[in-house]
Each structure stands twice: as C-alpha cells, then as structure tokens.
Amino acid sequence: MNLREVPVTALPGVGRAKAGALAELGIRSVDDLLHHYPVRYEDWRPLPFSAFPDQGVVTAQGVVEGTAEVRWQRGKSILHCVLRIDQRFRVHAYWFNQHWLKAKLTPGRFITVRGRFDRARHAITVTRTAIDSTPSESFSPWTPVYRSSRTLPSHQLHTLILAALDQYAEHLPEVLPHGLREKYRLVTHADAVRGIHKPASAESLRQARRRLVFEEFFLFQLQLQGLRRRHAKSGGGHARPVPDDALSAFMATLPAPLTHAQVRACQEVLADLRRPSAMARLLQGDVGSGKTWVALFAAYAVWRAGSQTALMAPTEILAEQHAAEAKRRLTPLGMRVGLLTGSTPRKERLDVLRGLQSGQLHVVVGTHALLTEDVQFRDLGLVVIDEQHRFGVAQRAKLLEKGDRPDLLTISATPIPRTLALALYGDLDTSILDERPAGRQPVETRWMDLEQSEEEAIRLARRELARGHQVYVVAPLVEDAEEDAAEVISATRLAERLREQFAGFQVGLLHGRMNGREKDAVMRSFVCGELQVLVSTTVIEVGIDVPNATVMLVYHAERFGLAQLHQLRGRVGRGGQRGFCILLADRPTDIARARLDTLIREHDGFVIAERDLELRGPGELFGLRQSGLPEFALGDLARDVKVMEVARTEAQALLRDPDFWLLPAYAGLRAALAAEPAAAAD
Ligand SMILES: Nc1ncnc2c1ncn2[C@@H]1O[C@H](COP(=O)(O)OP(=O)(O)OP(=O)(O)O)[C@@H](O)[C@H]1O
C-alpha cells in the first residue's frame with residue numbers, strides 16, 4: 001500500500017472540513033500526516049497542588065465534587081465544577097464552550113485537566129480534559145506539540161496521527177539499506193515514526209529521532225552527491241578560451257574597484273572556466289559583499305569565450321533586480337541581457353526566447369520560468385543559481401540540461417561556518433566573500449527593551465522618514481500560536497498600529513499567508529518608493545536591495561536567529577547613508593542578551609554564523625529558516641553536524657557501489673534521487 005496515495009479522508013472522522021484544515025498545513029495524504037513531526041514536546045504530567053505556578057499552564061488531577069453547572073453568557077457557555085485535588089484542596093474548574101462535558105462530570109468522578117491556573121481565584125481555565133484515564137495515557141512527559149492552525153489545534157492533530165499510526169504504520173516502507181541500519185543500529189522507519197509521535201520513554205524518543213535525522217540527512221546527501229556525480233560524469237566540461245584581459249576589461253567599466261575578496265573569487269572562477277572539467281563552485285558571501293558582480297564577471301568571461309549564461313533567482317523581484325544590475329554592468333561591455341519571469345508579457349517573452357535560441361541574447365536572468373521546455377539556448381555555457389537552497393536538485397538539473405555540460409556557479413547569501421560547510425558540501429569548491437566594499441559604514445545596531453523603548457525606536461524611524469528615507473519593520477509571527485499568540489505582536493496588528501504612528505507616510509504589509517504575486521506587488525511598491533514603511537514577517541527577501549532604506553526595526557528580536565538578524569540588518573545602509581538596526585527585545589533571557597550583544601559587537605557574518613550555532617538555545621522558534629541553509633524537518637544543523645558528516649560519507653560510498661545502480665533492493669532510493677528534495681525546497 002502506498003500511503004502517499006491514501007487521502008486523509010480515509011481516516012475515521014475526517015470529512016471535507018477537516019481535510020481542508022489539514023491541507024492548509026500541507027497535509028493531504030496519510031503519508032504526509034505520519035511525517036508531520038512534532039516541533040517539541042511538553043511535560044504534561046500532573047503536578048501536586050503545592051507546585052502549581054500562578055498563571056502557568058498545569059496538569060491537575062482530582063475528583064469532581066458536587067454537580068457541574070452551565071451558565072450562558074452572550075451565546076457562550078461556561079461550565080463550572082469544583083475539583084478536589086490531593087484530597088485537601090478545592091479548585092474551581094471552568095470550561096468555555098464545552099457544555100456537553102457536563103453529563104460526564106458526575107460527582108466522585110476522577111478526571112485529569114490541563115489549563116491555566118489562577119492562584120488568587122483558585123481556578124483553572126481548562127483546555128484539555130481526560131476522564132477516568134490514567135495519567136500516562138493522555139498526559140505523558142513527552143506530549144507532542146505540532147505545528148498547527150486555528151482550525152486544527154495540536155491535540156486534534158495528535159489524535160488523528162495516533163489513529164493513522166494504528167491503522168497504517170505497518171505499511172510505512174523502509175528506505176535505508178539493511179547494511180546501514182545494522183551498522184549504525186538504527187530502528188526501522190515504521191518504529192521511528194511511531195516513536196516520534198508516541199514515545200514510550202526518553203530512550204525510545206532518542207532512538208526514533210536519531211533514525212529519522214539520519215534518514216533525512218542521508219537522502220539530502222544522496223541527492224546532492226548524485227547531482228554532482230551526474231554533473232562530473234557527463235564527460236567533464238569545456239576548457240573555455242577566456243582571453244587574458246577579461247578581468248581587467250570587466251573591472252575597467254565598474255563604478256568602484258573590486259574588493260580583494262571579489263578579485264580572488266573572480267580569479268577562482270576564471271581558473272575553473274579554463275579547466276576542461278565542468279565548474280561546480282559555491283560562492284558564499286556576507287551580506288552586501290557584492291556577490292552579484294562576481295556572478296556578472298563569470299557571465300562576461302563566458303561570453304568572451306563565446307557562450308551564453310542563464311542566471312536563476314528564486315523570486316521575480318530578485319530576478320528583476322539582478323537583470324537591472326546585469327544590464328547596467330554588461331551592456332557597456334557589448335553584451336545583451338534579457339529577463340524572463342512568469343510576468344514577462346507574451347511578446348517580450350517570444351523575443352527573449354528567439355534571442356536565446358539564435359545567440360543574439362548573451363545573458364538571461366529569470367525565475368523558474370527559465371525551466372520550461374521552450375527556453376532553448378544556442379550555447380548555454382554557464383548556469384548561475386542564486387539562493388541555491390531555494391531550488392530543488394531536479395530544478396537545478398533541468399536548467400543544466402539545457403546546455404552541453406555547462407559550468408555551474410551557485411550563490412548562497414548566508415555565511416556558513418566552515419565546519420558546517422564541510423559537513424554539508426564536503427570538498428565542493430567554495431569561494432568566500434568576507435569583505436565589504438570600501439567606504440561602507442557599519443550599520444549602527446542597538447537593542448532596546450520593547451516595553452520601555454518602543455517609543456524611542458519609533459521616533460528614530462520617524463526622523464529617518466522625514467529625511468526621505470525608508471523603513472523596514474519586521475515582526476515574528478508564530479505558526480504554533482495556540483498558547484502564546486497574545487504575547488506576540490502579529491505583523492497585521494502592528495501594521496495597523498504603525499499606520500497611526502507614521503501618519504502621513506504610506507505603510508505596507510507583507511506576510512507569509514499572501515501568495516507570490518501579492519507579495520511581489522507590495523515589495524515592488526516599496527522598491528519604487530511608493531511605500532515608505534514596510535511591515536513584514538520574516539518573508540522579507542534575503543538579497544533585496546533598496547538603497548534608500550536606512551532603518552531596520554525588529555520586534556521581538558529575541559525570537560530570531562543571529563544569522564537571520566544579521567541578514568535583516570544587511571538590508572539597510574546599502575546606499576551610502578548611515579543605516580540603523582534597532583532590535584526590540586521583550587524580556588530577553590541571558591542567552592538572548594548574549595546573542596543580541598554579539599550582533600552589536602560583530603559585523604562579520606562568518607563570525608556571527610559561528611556564534612549563532614554555539615548560542616542557539618532551545619526554544620528558539622525560527623531556527624535556521626531563511627538562513628540560507630537547507631531546512632530539515634527534524635535534523636538540526638547545530639546539534640547534528642556529526643550525523644551529517646556520516647550521512648555524507650555513506651551517501652558517497654553508496655553512489656560508488658555498482659550494486660546501488662543495479663539491485664532492485666535500492667529501487668526506492670534510486671527513485672528518491674530523482675525526486676524533489678523536501679529539505680531543499682522552500
Ligand atoms: N566592490 C564594490 N565596490 C562598491 N560597491 C559594490 C562593490 N561590489 C558591489 N557593490 C555594490 O554593493 C551592493 C551590494 O551588492 P550585492 O547586491 O551584490 O550584494 P550581495 O553580496 O548580493 O549581498 P546581499 O546578500 O546582502 O544582497 C550593490 O549595490 C552593488 O552594486
């Protein structure tokens with residue numbers, strides 16, 4: 001039975017509405033549901049009454065005393081009963097809109113409830129209830145918490161997952177080769193999935209996680225190495241005859257001298273291009289280090305050797321931005337540049353297609369739109385992929401196949417610590433830009449207390465607006481918002497508030513629930529200056545370049561990763577004016593303070609990335625998202641570097657083994673090689 005083909009509606013109690021709510025979380029099949037892993041676990045064991053924290057969420061057990069009563073208030077029901085806890089203490093329990101429970105709350109009944117405790121009123125506002133059950137059944141020390149939604153809270157998801165496990169877990173296929181499982185003593189896939197949702201002990205949870213992390217890293221490596229192997233095996237590449245004056249001719253037309261790091265990277269690229277093997281180089285740079293110019297030099301060199309370049313970026317805005325810069329830099333050198341995205345009008349599109357086919361166009365910059373069948377080149381010599389982690393292996397391969405063994409330059413916008421880069425990418429050729437162009441002032445960074453200093457931060461932003469500059473405001477939005485929604489200022493509410501504070505200026509809003517087109521439209525209005533303030537969740541583009549923006553104001557900075565804050569800070573102070581990055585922190589813990597202090601002291605992205613990995617405390621919500629590193633469902637690149645190393649070595653060995661390509665036992669893994677990697681897709 002292929003569980004990917006079993007829809008969630010096959011589960012008891014899942015009708016249209018619930019299926020819709022599941023689909024919102026990206027869950028369509030039973031397979032999706034079983035692989036929707038918990039984001040964390042909570043200890044839900046009952047506490048003795050004396051240990052109840054005031055205003056904390058507690059699990060309490062007791063006996064119902066007297067009769068339960070229902071009251072109605074503005075259409076809502078409030079169910080109340082008295083619970084006797086530890087035989088001596090009386091606590092009022094309240095349920096909202098669960099009046100149907102009344103029939104079950106008969107006097108003397110033993111119940112377990114979970115909810116917020118209020119010491120002054122001796123009351124618990126109940127959110128979960130178990131009647132007659134033993135605590136270990138429903139209130140375990142490892143109660144999973146899932147990424148959930150308003151219509152489908154975490155505990156309902158858990159119930160569904162438990163039902164799916166009962167019915168289908170035995171059909172979960174094993175993908176890891178037997179030899180590997182033996183060697184690393186890994187439990188089966190099915191047992192691991194059971195263990196992650198329903199851990200019987202701390203040890204079984206550890207084993208389940210160990211197995212699943214290994215699996216996702218191994219599959220990621222298999223795809224990555226597989227692509228590289230295909231690239232290398234296609235009979236090497238071409239030794240491109242780039243003339244000796246290429247770099248000096250390119251530099252001669254630039255408005256500013258290249259940095260030393262840029263020169264070094266250009267020379268590394270040049271050497272690769274001239275070598276007969278195909279180039280597979282990763283260009284890694286700190287924010288604002290000028291990666292684009294290096295990529296444009298590569299395109300120029302390839303043109304001087306007679307071939308074309310395709311540059312693929314993850315969004316339309318970034319593609320437009322790169323195309324504009326490419327035109328500025330390359331047209332004076334005699335090159336012709338085209339742009340191709342989903343919104344390119346039909347006629348222009350046809351012109352670009354014709355130009356590429358005939359060789360009239362030398363460079364095309366675009367989005368996924370470059371991947372369609374009808375995009376054909378006369379001689380595609382170089383593929384540049386910006387923000388490589390945003391594209392799957394299959395997509396990268398598709399673009400490469402449009403040329404005859406083209407060279408490949410991938411660009412990553414986030415500095416990755418050296419040890420981690422090695423574990424992830426091995427000996428992949430890497431060029432590093434760790435230097436910023438001369439004359440840039442570092443962005444002035446401060447952190448302030450959200451409650452006390454918000455006014456001051458807003459005043460500063462207003463002052464910059466008055467000078468004709470633009471302002472970014474970023475706020476976190478937690479997806480798992482069941483319990484702490486109230487504590488976080490959502491971008492929407494914030495935008496409403498800021499519209500008043502910044503009266504007279506245009507305030508736009510950008511968030512993850514908008515579709516690509518809506519996001520692009522808002523982003524464009526900010527780029528062209530129609531909007532002066534952009535309030536957004538973290539969906540704001542890595543790599544966006546609005547030189548007139550001088551303020552980055554981050555709410556709840558304590559919730560962000562350091563690398564991410566550094567990226568955000570890199571959005572301002574790009575145009576020669578002084579940039580300000582104000583981090584508003586809400587009751588930061590010691591570790592959060594240490595992290596924020598690092599950011600104030602340190603402006604080198606590589607050092608910050610290293611510190612980020614060291615200092616990432618538990619409970620950090622955003623993790624590595626948007627950090628430029630691949631994302632994994634369970635694997636944590638800070639904790640599990642060693643596992644990644646092992647996975648990489650094993651994937652390499654397996655790809656070298658002739659059996660892998662022949663034996664039916666490996667068919668599943670071979671199929672995974674061709675598929676889109678879940679981890680690398682964004
Ligand atoms: N050597 C240089 N001297 C002066 N300005 C430069 C130099 N190299 C690049 N720039 C300019 O610096 C800005 C940042 O460059 P670019 O957009 O390539 O940065 P980046 O490395 O992609 O950084 P980010 O990831 O932050 O977007 C651009 O406006 C670019 O024109």
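Quick note: numbers below take in every heavy atom, side chains included, and nothing from hydrogens, waters or symmetry partners. Atoms within a ligand are numbered from 1 in the order they appear, just like the ligands themselves.
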* Do R281 and E268 meet the salt-bridge criterion of a basic N to acidic O distance under 4.0 Å? -> yes

* **Atoms in ligand 1 flagged as close to R574, the criterion being non-hydrogen separation under 4.0 Å** => 14 (C), 17 (O), 19 (O), 23 (O), 24 (P), 26 (O), 27 (O)

* Is it true that atom CD of E518 has more than 12 heavy atoms of other residues, nucleotides or ligands lying nearer than 6.0 Å? -> yes

* Could an N or O of ligand 1 be found under 3.5 Å from any N or O of G288, whether backbone or side chain? -> yes

* Can you check whether P257 has an N/O within less than 3.5 Å of an N/O in ligand 1? -> yes

* N or O pair under 3.5 Å between K291 and ligand 1 -> yes

* Asked: Just checking, any donor-acceptor pair under 3.5 angstrom between side chains of E325 and T292?
  -> no

* Please state which part of A256 comes within less than 4.0 Å of ligand 1, counting heavy atoms only: side chain, backbone, both or neither. => side chain

* Nearest option to atom 11 (C) of ligand 1, as decided by whichever heavy atom of R440, E325, E435 sits closest -> R440

* Asked: Is V287 in polar range of ligand 1, meaning some N or O pair under 3.5 Å apart?
  -> no

* Asked: Should Q321 be listed as contacting ligand 1, given a heavy-atom distance under 4.0 Å as the test?
  -> no

* Could you tell me whether the side chains of H556 and E558 share a donor-acceptor contact shorter than 3.5 Å? => yes

* Structure fact -> Those residues at least two apart in sequence (or on a different chain) that pass ring pair (Phe, Tyr, Trp, His ring centres under 6.0 Å) with F526 are Y472

* Asked: Backbone, side chain, both or neither: what part of T292 comes under 4.0 angstrom of ligand 1, heavy atoms only?
  -> both

* D386 and P314: which non-hydrogen atoms are nearest, and at how many Å? -> O-CD, 3.7 Å

* Test the R304-F250 pair against the cation-pi criterion, namely NZ or CZ under 6.0 angstrom from the six-membered ring centroid and within 45° of the ring axis. => no

